[in-house]
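Down below is the structure, laid out as structure tokens.
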Amino acid sequence: MASGGNGGGGRVIRVLNVAEKPSVAKAVSGILSRNQGGGMRVRDGRSRYNKIFEFNYTIRNQPCQMLFTSVTGHLMELEFDDRFRKWHSCDPLHLYDAPVRKYVPQDKLDIKRTLEEEARGCQWIILWLDCDREGENIAFEVLEVCRQANHNLNVWRARFSALIDREIHQSVQTLVQPNQLFSDAVDVRQEIDLRIGASFTRFQTMLLRDAFVLDFATDDRNLVLSYGPCQFPTLGFVVERYWEIQAHEPEEFWTINCTHNFDEGSATFNWMRGHLFDYTCAVTIYEMCIQEPTATVSKVKQQEKLKYPPHPLSTIELEKRASRYFRMSSEQTMKVAEDLYQNGFISYPRTETDCFSEKTDLRTMVQEQGGHPVWGSYAQRLLDPQSGLWRNPSGGGHDDKAHPPIHPTKFSAGESRWSQDHHRVYELVVRHFLACVSKPAVGAETTVEIDIAGESFFACGRVILAKNYLDVYRFESWGGSVIPTYTFGQQFIPRSLTLDSGVTRPPPLLSEADLLGCMDKAGIGTDATMHDHIKKLLDRFYAIKDSSTRFSPTKLGEALVMGYDDMGYELWKPYLRAMMECDMKAVSMGTKRKTEVLETCLQQMKACFLDARANKGKLFEAMAIFFERSNRSSGGEQQVVGDVVRRCGLCLESDMVLRQKPCRNVVWLPGSLSEASVTENTCTSCGPGCIGGCDDILRQLVGICGTGSRSSSNTFGRGRGNPTASSSAQRGNSRAQGSCAYCRQTGHLSNDCPSQASRSCTARSQEVDLQNGESSIPCNSCGAPCNLRTANTASNRGRKFFSCQSRECNFFVWEDTLSGGERTNTSASTSSRRGGRGQGAPNTSGVSFVSATGEPITGRCFICGDPGHFANVCPRRG
DNA sequence: GCAAGGTC
């Protein structure tokens with residue numbers, strides 16, 4: 001193929017240029033036609049959105065008549081052949097092998113016709129699609145259409161990283177060839193998504209929809225229980241957090257607080273250890289402090305602190321911040337942002353980029369905002385060199401090479417047709433932009449540390465010296481508190497020294513911003529689609545969003561995740577997507593072939609689908625916990641008891657049986673049980689129906705696993721693949737039995753133990769002998785040495801304990817609880833833990849993998865459910 | 001009627 005240099009001065013050739021969207025066609029045409037004789041003409045194409053721009057341009061001395069049009073994203077869709085498109089036309093399993101084809105859907109036919117008509121009269125085609133994998137794939141879709149109309153087209157690809165003059169001119173003078181490998185990677189994704197999505201969606205919809213009374217849907221006959229590699233992991237995040245909250249057992253902890261008042265004011269000092277979970281340990285230390293309450297200032301640190309403005313605005317940040325500041329849904333935010341963009345007020349709203357190009361004329365953009373009645377004066381101050389307020393924005397390190405960060409492109413003090421949400425989003429974009437080019441806020445921070453009887457406490461004070469960007473970015477604040485001046489070595493008697501209790505709280509439900517953060521981190525969806533996946537959860541009745549924009553699963557969402565989880569698959573976790581992303585990258589780099597990846601992945605998923613179908617009883621069981629059975633069931637449940645009515649016409653495998661509706665009161669048996677059966681034996685203690693109430697061991701096991709309806713059943717405790725939470729349940733169980741950690745009697749907790757010495761704030765205590773460094777063990781929690789100290793309090797006279805030298809660490813362990821020679825292996829959990837229940841607990845699964853993003857993940861192969869390998873190397877893959 | 005990815 002000839003390069004752009006055709007010797008120059010020859011006949012003018014016609015060049016068809018195609019961009020991914022109308023805005024890019026317009027922008028690039030504007031740049032290329034500037035300073036060219038003849039200017040730029042615009043005419044309509046067959047699609048009302050996709051205009052055709054015409055101008056003259058010279059590419060490497062070759063005079064060209066440029067025609068510049070666009071598509072609107074993908075021109076084609078992937079679909080099964082007609083005979084597989086109807087839901088009942090085939091077994092969903094066949095969708096893994098059914099032929100697929102790409103076609104131009106009805107609403108894109110007008111664009112197709114424009115391309116065909118224009119291509120016929122051109123000699124060259126230059127593809128200006130976005131420079132990412134999807135863009136490369138769209139380029140090949142455009143090419144397919146254009147080549148069918150004109151076989152002799154000379155094909156070129158323009159690579160550009162920003163819509164700025166220099167980039168665009170350089171790009172058109174250094175044209176390259178389209179990259180087939182990038183496009184192949186997208187073909188792989190499309191085919192896998194379609195086959196997995198369609199097969200699982202049809203399977204679970206036909207299996208469950210008619211089998212249960214789904215009371216939330218007005219017309220449950222048309223309900224679709226969809227499965228998708230993005231929507232399910234998104235649901236998984238919601239369910240996982242919900243289960244975490246349900247599994248949370250409040251745990252009591254203890255902390256020592258100190259206050260000091262004098263003429264200059266007052267200060268509250270916090271215990272450097274944070275808190276301890278063992279009352280005895282806490283009260284021992286507390287008594288030592290009371291014994292010698294004189295505080296000595298051990299450190300005074302003063303430093304200047306800066307609070308930096310945010311990075312330039314990407315799509316995800318816009319969605320997160322609009323949710324946080326205005327409680328707007330990500331879907332609504334994008335709808336409004338799209339409208340503002342279409343009307344020229346803000347830049348392209350779908351961007352991953354969070355840094356401005358050096359060439360961007362930021363000052364002119366700021367200048368435009370100078371007339372605004374509210375933030376105009378700030379914009380003017382920003383441009384005044386005397387103010388010293390300007391700062392070149394710092395980037396966040398992301399660049400999609402296609403679009404700049406979201407910024408204002410046209411001044412407005414508000415338009416009459418704008419809704420409140422339009423005002424909000426525009427204001428956020430402008431204020432965010434002004435904040436980005438402003439200096440950080442400056443504060444003077446003072447940290448004071450004091451020592452009381454060997455224990456450290458600290459207090460912080462902050463005075464804001466200059467608000468800078470905070471003056472315009474009203475959405476953020478920086479709290480300041482004033483404390484008196486202290487000097488090193490100063491001594492004082494605290495006004496109060498109290499031993500206070502608290503309880504651990506569960507984490508909150510996921511907010512929309514949290515959910516977007518989870519998806520972003522796990523690589524679920526793209527900046528342009530994340531809000532769609534979230535909306536899909538709501539549309540499918542899988543999740544609900546409360547007034548605080550926090551998500552919780554519906555019964556349906558929870559049941560589906562529970563069903564797959566009980567099968568042993570982690571299809572509701574992000575690993576499948578991570579693996580696909582990894583494979584797609586390999587295809588785009590040429591290290592794996594398209595056909596090889598497709599074959600392997602689909603084979604894995606087909607095996608998974610077969611297993612899931614074989615274990616569909618698990619889905620039934622999970623659904624039965626939440627929903628009543630419907631009398632119009634056509635599904636095939638395997639593990640039901642009752643009279644056989646007929647063979648199931650759908651699966652042709654199972655019998656259809658008559659069954660009473662399941663009771664929601666359940667007893668979860670331990671996961672380690674391989675079999676359970678009902679016998680005719682009668683328990684001599686409890687009579688018939690005994691499920692272990694008279695057997696201590698069984699009672700304990702049943703207790704661990706939980707009983708009752710879903711609200712009281714502990715899902716983690718059923719071995720739901722979360723060893724941390726499982727052990728939480730066990731701990732919670734021992735707590736529920738009411739045994740005191742101090743005297744081991746039941747009926748009261750340790751803090752109410754009558755056998756303990758007085759735990760009042762004025763408890764008498766004796767001298768404490770601190771043996772610095774004489775004997776130490778490495779801290780189990782942070783690794784620093786732990787000193788051996790002797791308690792001489794009323795309740796623990798002469799008892800020795802190790803306490804971590806690092807004051808930020810709350811490690812504390814009685815010496816007599818350590819066994820000889822194994823001190824360093826002894827868990828700190830007998831006496832203290834960091835950060836509340838569950839954290840830092842050992843992972844007992846013994847299996848860990850590394851995901852595509854490099855982060856360790858644990859769990860089982862989602863194909864076979866076995867631990868020890870990931871699906872990539874699953875032996876079932878064949 | 002199904003996915004996710006573009007985009008208006």
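Computation of the quantities below employed the complete heavy-atom set of this structure, encompassing side-chain atoms and omitting hydrogens, waters and symmetry-equivalent molecules. In the text below, chain A, chain B and the rest are named by the order of the sequence lines, each starting its count at 1.
Look at A:Gln231 and you'll find a side-chain N or O under 4.0 angstrom from OP1 or OP2 of B:dA3. Listed pair A:Ser226 / B:dA3 meets the phosphate criterion, a side-chain N or O lying under 4.0 Å from OP1 or OP2. Look at A:Arg202 and you won't find any side-chain N or O under 4.0 angstrom from OP1 or OP2 of B:dG1. Side-chain nitrogen and oxygen atoms of A:Thr526 include at least one within less than 4.0 Å of the OP1 or OP2 phosphate oxygen of B:dG6. The side chain of A:Arg133 places no N or O atom within less than 4.0 Å of a non-bridging phosphate oxygen (OP1 or OP2) of B:dA4. Side-chain nitrogen and oxygen atoms of A:Thr529 include at least one within less than 4.0 Å of the OP1 or OP2 phosphate oxygen of B:dG5.
Nucleic acid contact for A:Ser47: none, since no nucleic acid atom lies under 4.0 Å from a heavy atom of the residue. Nucleic acid contact for A:Glu79: base, since at least one base atom lies under 4.0 Å from a heavy atom of the residue. Using a 4.0 Å heavy-atom distance criterion, A:Glu338 is classed as a sugar-phosphate-only contact. Among the atoms of the strands shown, none is found under 4.0 Å from any heavy atom of A:Phe200. Among the protein residues, A:Arg189 comes within range of the nucleic acid bases, having at least one heavy atom under 4.0 Å from a base atom. Within 4.0 Å (heavy atoms only), A:Leu78 reaches at least one base atom of the nucleic acid. Counting non-hydrogen atoms under 4.0 angstrom, A:Tyr348 reaches the backbone sugars and phosphates but no base. Within the nucleic acid shown, A:Asp130 comes within 4.0 Å of sugar-phosphate atoms alone, with no base atom in reach, counting heavy atoms only. Looking at heavy-atom distances under 4.0 Å, A:Gly135 makes no contact with the nucleic acid at all. Here A:Lys536 lies in heavy-atom contact (under 4.0 Å) with sugar-phosphate atoms only. Residue-level contact check: A:Pro92 touches neither bases nor backbone, having no heavy atom under 4.0 Å from any strand.
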TODO: Go through the steps for A:Arg46 and A:Glu117 under the test salt bridge (Lys or Arg N to Asp or Glu O under 4.0 Å), then give the verdict.
DONE: CA-CA 10 Å; A:Arg46 291 192 176 270; A:Glu117 287 167 8; 2.5 Å; yes
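Judged by the 6.0 Å distance and 45° axis criteria, A:Arg157 is not positioned over the aromatic ring of A:Phe140.
A salt bridge links A:Asp82 with A:Arg101: the closest approach of a Lys/Arg side-chain nitrogen to an acidic carboxylate oxygen falls below 4.0 angstrom. Note on A:Asp91 versus A:Arg613: salt bridge recorded, some NZ/NE/NH1/NH2 to OD/OE distance being below 4.0 Å.
Between the side-chain ring of A:Trp87 and the base of B:dG1, a stacking contact exists by the 5.5 Å and 30° definition.
Residues A:Thr353 and A:Thr351 share a closest heavy-atom pair of N-OG1, 3.0 Å.
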